[in-house]
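Encoded as structure tokens, the structure appears first; notes follow it.
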Protein chains: 2
Amino acid sequence: METIKQRYSKQRETILNVLQNTVIHPTADWIYKETRKVIPNISLGTVYRNLHQLVESGQVLKLKDDAQDRFDGKTDRHDHFRCKSCGTWYDVDLVESGIIQHFNQAHGFSVESFHLELEGTCEKCLSN
Amino acid sequence: METIKQRYSKQRETILNVLQNTVIHPTADWIYKETRKVIPNISLGTVYRNLHQLVESGQVLKLKDDAQDRFDGKTDRHDHFRCKSCGTWYDVDLVESGIIQHFNQAHGFSVESFHLELEGTCEKCLSN
DNA sequence: GTATATGCAAACAATTTGCACGCCT
DNA sequence: AGGCGTGCAAATTGTTTGCATATAC
């Protein structure tokens, strides 16, 4: 194990700030453009490097969209509703039972499909 | 709306066969290599084109992994457990309550996180 | 015969990386 | 001073596409 020494950088701080002040679950490119408003000469490579670091250190979540990666500055456990029509990602809270019906009523959405992805360590790897 | 006219092709049939006879949720490249064992001169472009068609026509599911796409020949509704250590995707069945505990006991897995992604149409788009 | 499917290679788009220089600590 | 961070541009990776030919119907 190796502790990552992370120095302060204006670029990283700005990127994190941008992410924590939006609800749109943006792509790297959107973040890049937004960050440029504050640091006009920041490079795309730097944005990617810092996003990667922020994900590693748990300050930011990486979401799996169709083409590009998306990022989420909200790191407390929550779920998502993704509109098939406009692609918007909404933050949502789980309800314990009658999930879908309850959900549609509460939000005015129309849920057509859902997918639960569990992550952790499988039996095989646990025994290694 | 346009009905897609899909002709028979040995390539597509073989790809679908490969997908329906594995549980590993493979990448396009793995499918390519596997298909080559049957049709040695099949091209990677053809594999991608057919995977896309099979997804469109609902015969195959596309999963969102980290880097590459993964595909699933099992199309009935089900969920996944993904091992953080070895990356394996397991097919799993949801249980109605006490999901995580029940789950760990039933499979011998150690669930560390989960994420429910709902898809459908949002309120805004419903009114268009 | 005609539209769909193919192999091949070139094009693309998102992301990563090597390098020389800059800036925290 | 030493090492992490940066900007830039080139490289890499996964996927898509144009084109001429082959095949299904």
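What you are looking at is a predicted structure, and each value in this text was computed from that prediction instead of being measured. Letters A, B, ... mirror the listed sequences (proteins, then strands); counts begin at 1.
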Check your understanding: Who passes salt bridge (Lys or Arg N to Asp or Glu O under 4.0 Å) against Arg70(B), sequence neighbours left out?
Key ->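 If we apply the salt bridge (Lys or Arg N to Asp or Glu O under 4.0 Å) test to Arg70(B), skipping adjacent residues, the hits are Asp65(B).
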- [ ] Quick one: list whatever passes salt bridge (Lys or Arg N to Asp or Glu O under 4.0 Å) with Lys37(B), sequence neighbours left out.
- [x]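 Lys37(B) satisfies salt bridge (Lys or Arg N to Asp or Glu O under 4.0 Å) with Glu34(B) once adjacent residues are dropped.
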Report the end-to-end axis angle of the helix from dG1(C)-dC25(D) to dT25(C)-dA1(D); each axis comes from five terminal pairs, and the value is rounded to 10°.
->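 Both end axes considered, the difference amounts to 40°.
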Applying side-chain hydrogen bond (donor to acceptor under 3.5 Å, both in side chains) to Thr88(A) and not counting sequence neighbours gives none
Sequence neighbours excluded, which residues qualify as side-chain hydrogen bond (donor to acceptor under 3.5 Å, both in side chains) partners of Gln11(B)?
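If we apply the side-chain hydrogen bond (donor to acceptor under 3.5 Å, both in side chains) test to Gln11(B), skipping adjacent residues, there are no hits.
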Contact check, residues 35-42 of chain B vs DNA chain C, heavy-atom distance under 4.0 Å, returns Asn41(B), Ile42(B)
Expected list for residues 11-21 of chain B near DNA chain C, using heavy atoms below 4.0 Å, is Gln11(B), Arg12(B)
Using every non-hydrogen atom in the two residues, find where [X] and [Y] come nearest and quote the distance to one decimal.
X	Y	value
Ala28(A)	Val47(A)	O-CG1, 4.0 Å
Gln20(A)	Gly73(A)	CG-O, 4.2 Å
Asp79(B)	Arg77(B)	OD2-NH2, 2.9 Å
Asn21(A)	Asn17(A)	ND2-O, 2.8 Å

Exercise. Cluster partners of Leu63(B), using ILVMFWY side-chain heavy atoms under 4.5 angstrom, listed by chain and number?
Worked result: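 Hydrophobic cluster check, Leu63(B): joined to Trp89(B).
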Quick one: name the residues clustered hydrophobically with Leu61(A), using the 4.5 Å side-chain heavy-atom rule over I, L, V, M, F, W, Y, and just say none if it's on its own.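 None, because no other hydrophobic side chain comes under 4.5 Å of this residue.
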Indicate the ring-plane relationship of His25(B) and His80(B), choosing parallel, tilted or perpendicular according to the 30° and 60° boundaries. perpendicular
Q.
Students should find this one: the first and last nucleotides of DNA chain C, 5' to 3', lying under 4.0 Å from a heavy atom of chain A. What are they?
A.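 Contacts span dA14(C) to dT25(C), reading 5' to 3'.
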[X] [atom1] to [N] [atom2]: how many Å, rounded?
X	N	atom1	atom2	answer
Tyr32(B)	dG14(D)	OH	P	14 Å
Gln68(B)	dT16(D)	CD	P	13 Å
Asp66(B)	dT15(D)	CG	C1'	17 Å
Asp69(B)	dT16(D)	CG	C1'	12 Å
Asn50(A)	dG7(D)	CG	C1'	12 Å
Lys64(A)	dG14(D)	NZ	P	16 Å

Do Arg82(B) and Asp66(B) have side-chain heavy atoms sitting under 4.5 Å apart?
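Arg82(B) vs Asp66(B): side chains touch.
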Is there side-chain contact between Ile39(B) and Asn41(B), with heavy atoms separated by less than 4.5 Å?
yes
Note to self: Looking at Gln53(A), I'd like to know whether one of its side-chain N or O atoms comes within less than 4.0 Å of OP1 or OP2 on dG5(D).
What the structure shows: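 For Gln53(A), the contact criterion (side-chain N or O under 4.0 Å from OP1 or OP2 of dG5(D)) is met.
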Test side chain to side chain contact (heavy atoms under 4.5 Å, CB included), reference Asp72(A), set Val60(A), Asp91(A), Leu19(A), output is Asp91(A)
Using atom types as modelled and distance alone, determine if a side-chain donor or acceptor of Arg12(B) lies under 3.5 Å from a backbone N or O of Arg7(B).
-> yes
The complete set of salt bridge (Lys or Arg N to Asp or Glu O under 4.0 Å) pairs with one or both residues in residues 38-54 of chain A, sequence neighbours excluded, reads none
Contact string for nucleotides 17-24 of chain D, one letter per nucleotide 5' to 3', B = base within protein heavy-atom range under 4.0 Å, S = sugar-phosphate only, - = neither, reads BB-----B
